[in-house]
Participant: 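One structure coming up, written as structure tokens, with questions to follow.
Since the structure is predicted, the reported quantities are computational estimates derived from the model, not experimental observations. Below, each value reflects all heavy atoms present in this structure, side chains not excepted, and no hydrogens, waters or symmetry copies. Just follow the structure's listing: the first ligand is 1, and inside any ligand the first atom is 1.
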Amino acid sequence: MIEVSHLTKRYGAHLAVSDLSFNIEDGQIYGFLGPNGAGKSTTMNIMTGCLAASSGEVRIDGHDIFEESGAAKRLLGYLPEQPPLYMDRTPREYLTFVGHAKGLSRAQLAEQMERVMTVTQIGDVADRLIKNLSKGYRQRVGLACALLGDPPVIILDEPTAVLTPQETEKLFRVLRKMRDDGKAIIIITHKMHEVESLSDRVAVLRAGKYIGSMMTKDTNVTE
Ligand code: ADP
Ligand code: MG
């Protein structure tokens with residue numbers, strides 16, 4: 001579903017991502033693990049077309065993220081580390097805005113709005129101003145936006161950073177269900193126990209370099 005080849009990103013003289021290559025398949029949850037500054041967010045921002053690479057290539061279901069960005073981005077739902085929410089809007093208004101931006105019809109939007117609000121359990125705050133919501137609720141509004149349009153790939157950058165353990169467990173249940181429905185899920189975290197409990201595959205980044213992967217679940221083989 002996703003092919004990343006020889007991705008490199010420089011910020012001036014600083015090499016944030018160095019010759020990174022990996023593939024992401026459907027029906028799997030990938031945990032991206034690594035310390036702060038490892039290049040995880042930079043990699044995801046490039047993969048989702050939010051940031052240009054210095055070199056290398058990203059293809060989403062065969063579509064180059066920069067050459068065919070419309071077709072590629074339609075396949076992605078992205079929850080960035082800091083979701084860009086409009087504080088003076090309600091979740092319902094904001095989701096409507098995002099749904100239009102994603103090209104959903106009125107009927108699609110109505111159907112999807114119900115679905116994503118149910119999945120993320122934000123129905124009870126749908127008509128409150130986002131600025132009055134807790135961090136956990138704001139995060140769930142961001143997740144609801146990512147799920148609009150029912151994209152086959154979901155990318156989440158440190159989604160649990162502002163969640164309570166109970167909210168984290170709920171989120172993980174949602175992600176496992178989406179994985180079982182055939183989606184590819186990428187979740188960034190620097191918490192080892194989270195990737196262990198959730199991920200089918202784990203990639204470890206350090207200083208912009210891929211330093212290995214490991215299978216979790218019923219095998220402990222190191223690739
Ligand atoms: P992670 O998400 O793994 O914590 P980042 O991708 O945010 O790491 O950052 C990787 C490296 O690139 C860090 O050293 C960070 O300071 C640097 N960096 C990130 N964004 C910028 C930017 N816009 N300008 C300059 N350096 C940046
Ligand atoms: Mg980050």
Participant: Count the heavy atoms of every other residue, nucleotide or ligand shown that sit under 6.0 Å from NZ of Lys209, and state whether that count exceeds 12.
Facilitator: no
Participant: In the protein, which heavy atom is nearest to atom 14 (O) of ligand 1, and how far is it?
Facilitator: His14 NE2, 3.0 Å
Participant: I would like to know whether Leu7 and Ser21 meet side-chain contact (heavy atoms from CB on, under 4.5 Å); could you show each step before the answer?
Facilitator: CA-CA 6 Å; Leu7 202 63; Ser21 299; over 6 Å; no
Participant: Do other residues, nucleotides or ligands put more than 12 heavy atoms under 6.0 Å from the CZ atom of Phe66?
Facilitator: yes
Participant: Determine whether Tyr137 and Met87 fall in the same hydrophobic cluster, where Ile, Leu, Val, Met, Phe, Trp and Tyr are linked whenever their side-chain heavy atoms lie under 4.5 Å apart.
Facilitator: yes
Participant: Counting non-hydrogen protein atoms only, what is the nearest one to atom 7 (O) of ligand 1? Give residue, atom name and distance.
Facilitator: Ser41 CB, 3.8 Å
Participant: Can an N, O or S atom be found in Met44 less than 2.8 Å away from the Mg ion (ligand 2)?
Facilitator: no
Participant: With the Mg ion (ligand 2) as the point of reference, which N/O/S atom of Glu81 is the closest?
Facilitator: OE1
Participant: Would Phe22 and Phe32 count as a close aromatic pair, with their ring centres under 6.0 Å?
Facilitator: yes
Participant: What protein heavy atom is closest to atom 18 (N) of ligand 1, reported as residue, atom name and distance in Å?
Facilitator: Tyr11 CE1, 3.3 Å
Participant: Can you tell me if Gly34 contacts ligand 1 (heavy atom of the residue under 4.0 Å from the ligand)?
Facilitator: no
Participant: Any idea which protein heavy atom is nearest atom 4 (O) of ligand 1, and the distance to it?
Facilitator: Gly37 N, 2.7 Å
Participant: Any idea which atoms of ligand 1 are less than 4.0 Å away from a heavy-atom of Ala16?
Facilitator: 11 (C), 12 (O)
Participant: Can you tell me if CZ on Arg89 sees more than 12 non-hydrogen neighbours from other groups inside 6.0 Å?
Facilitator: no
Participant: Before signing off on this row, confirm whether Ala38 and ligand 1 have an N or O atom pair separated by under 3.5 Å.
Facilitator: yes
Participant: Out of all atoms in ligand 1, which are within 4.0 Å of some heavy atom of Asn36? Include the element for each.
Facilitator: 4 (O)
Participant: Please list the nearest protein heavy atom to atom 8 (O) of ligand 1 with its residue and the distance rounded to 0.1 Å.
Facilitator: Gly39 N, 3.1 Å
Participant: Tell me the protein heavy atom at minimum distance from atom 9 (O) of ligand 1, and give that distance in Å.
Facilitator: Thr42 OG1, 3.8 Å
Participant: Kindly state if atom 27 (C) of ligand 1 has a protein heavy atom within a strict 4.0 Å cut-off, that is, under 4.0 Å?
Facilitator: yes
Participant: For the side chain of Lys191 and the backbone of Ala161, is there at least one donor-acceptor N/O pair under 3.5 Å apart?
Facilitator: no
Participant: Ignoring hydrogens, what is the shortest heavy-atom contact between Ile24 and Ala184? Give both atom names and the distance.
Facilitator: CG2-CB, 3.9 Å
Participant: Ligand 1 and Lys40, any nitrogen or oxygen pair closer than 3.5 angstrom?
Facilitator: yes
Participant: Do Thr96 and Glu93 meet the criterion of a side-chain donor-acceptor pair at a distance under 3.5 Å?
Facilitator: no
Participant: As a test of the contact definition, would atom 16 (O) of ligand 1 count as having a protein heavy-atom neighbour under 4.0 Å?
Facilitator: no
Participant: Answer yes or no: does atom CZ of Arg115 have more than 12 heavy-atom neighbours from other residues, nucleotides or ligands under 6.0 Å?
Facilitator: yes
